[in-house]
Amino acid sequence: MIFRSTLAAIILLAGTAFAAAQTVVVTPEQEVVVREYVKANPVVVERPSNFELVVGAIIPDILKPGALADNMLPHQYQYVEMDGRTVLIDPQTRKVVYIMN
């Protein structure tokens with residue numbers, strides 16, 4: 001019984017650590033900088049009817065995101081403006097990593 005409880009706790013912690021590693025944190029100051037950049041360099045796309053805009057979704061190939069300027073954030077991301085929101089995208093996976101309202 002102790003083994004099962006220990007194993008369950010390890011699996012839970014491992015899953016939590018993995019989820020935390022996948023979380024993108026953007027500070028309020030960084031959001032201001034990104035918003036100003038996106039406003040000056042808009043890449044507005046229409047959301048496809050079969051696409052749900054949520055973190056983790058993969059942006060369809062038909063959408064062509066722009067690249068954020070170097071050193072704007074700790075990692076290099078792409079972006080689009082969709083449904084009135086700025087969406088940050090991981091360029092390697094095309095996954096939505098952050099949505100600014």
Side-chain angles (χ1 to χ4, degrees):
M1 185 68 169
I2 294 174
F3 176 73
R4 286 186 187 171
S5 297
T6 304
L7 182 59
I10 290 171
I11 291 171
L12 179 64
L13 289 174
T16 304
F18 180 75
Q22 299 297 316
T23 302
V24 173
V25 177
V26 179
T27 66
E29 295 81 13
Q30 290 169 324
E31 275 202 28
V32 169
V33 172
V34 169
R35 285 181 198 280
E36 289 175 5
Y37 183 84
V38 170
K39 187 176 181 181
N41 303 282
V43 178
V44 179
V45 298
E46 187 171 323
R47 183 179 55 80
S49 60
N50 61 347
F51 177 74
E52 183 179 4
L53 180 56
V54 294
V55 171
I58 297 176
I59 295 292
D61 289 335
I62 62 169
L63 302 179
K64 304 299 180 205
L68 289 176
D70 291 338
N71 302 320
M72 187 170 290
L73 295 172
H75 300 284
Q76 188 62 39
Y77 294 111
Q78 294 178 323
Y79 69 95
V80 295
E81 288 182 85
M82 182 184 296
D83 293 345
R85 299 185 280 179
T86 299
V87 180
L88 299 184
I89 303 161
D90 181 322
Q92 281 76 36
T93 63
R94 296 185 61 84
K95 283 185 181 180
V96 173
V97 295
Y98 193 82
I99 301 171
M100 294 182 197
N101 289 322

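- Ile99 is not listed as a side-chain neighbour of Thr86, based on a closest heavy-atom distance of 4.5 Å or more.
- Residues Val43 and Glu81 form no side-chain contact, since every pair of their non-hydrogen atoms from C-beta on lies 4.5 Å or further apart.
- Residues Leu88 and Gln78 are not in side-chain contact: their nearest non-hydrogen atoms beyond the backbone lie 4.5 Å or more apart.
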Assess the residue pair Leu73 and Val34 against the criterion (side chain to side chain contact (heavy atoms under 4.5 Å, CB included)); give the C-alpha distance rounded to whole Å, side-chain angles, the decisive distance to 0.1 Å, and a yes or no. CA-CA 8 Å; Leu73 295 172; Val34 169; 4.2 Å; yes
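- Side-chain contact between Tyr77 and Tyr98 is absent, with no heavy-atom pair separated by less than 4.5 Å.
- The backbone N or O of Ile59 lies less than 3.5 Å from a partner atom in the side chain of Arg94, making a donor-acceptor pair.
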Using side chain to side chain contact (heavy atoms under 4.5 Å, CB included), reason through Val80 and Val44 one step at a time and then give a plain yes or no. CA-CA 6 Å; Val80 295; Val44 179; over 6 Å; no
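- For the pair Glu31/Met100, a side-chain contact is recorded, criterion being any heavy-atom separation below 4.5 Å from C-beta on.
- With Lys64 contributing its side chain and Asp61 its backbone, the two residues share a donor-acceptor pair below 3.5 Å.
- At least one donor-acceptor pair under 3.5 Å links the side chain of Gln76 to the backbone N or O of Leu68.
- Between the side chain of Arg47 and the backbone N or O of Phe51, at least one donor-acceptor pair lies under 3.5 Å.
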Given the rule in the side chain to side chain contact (heavy atoms under 4.5 Å, CB included) test, do Val54 and Val96 qualify, once you have shown the distances and angles that lead to the verdict? CA-CA 7 Å; Val54 294; Val96 173; over 6 Å; no
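- Under the side chain to side chain contact (heavy atoms under 4.5 Å, CB included) rule, Val97 has a single partner from Asp90, Ile89, Val55, which is Asp90.
- Residues Pro48 and Leu63 are in side-chain contact: their nearest non-hydrogen atoms beyond the backbone lie under 4.5 Å apart.
- Both Ile62 and Met82 sit in one connected hydrophobic cluster of ILVMFWY residues. Membership requires side-chain heavy atoms under 4.5 Å apart, directly or through other members.
- A donor-acceptor pair under 3.5 Å is formed between the side chain of Gln30 and the backbone N or O of Thr27.
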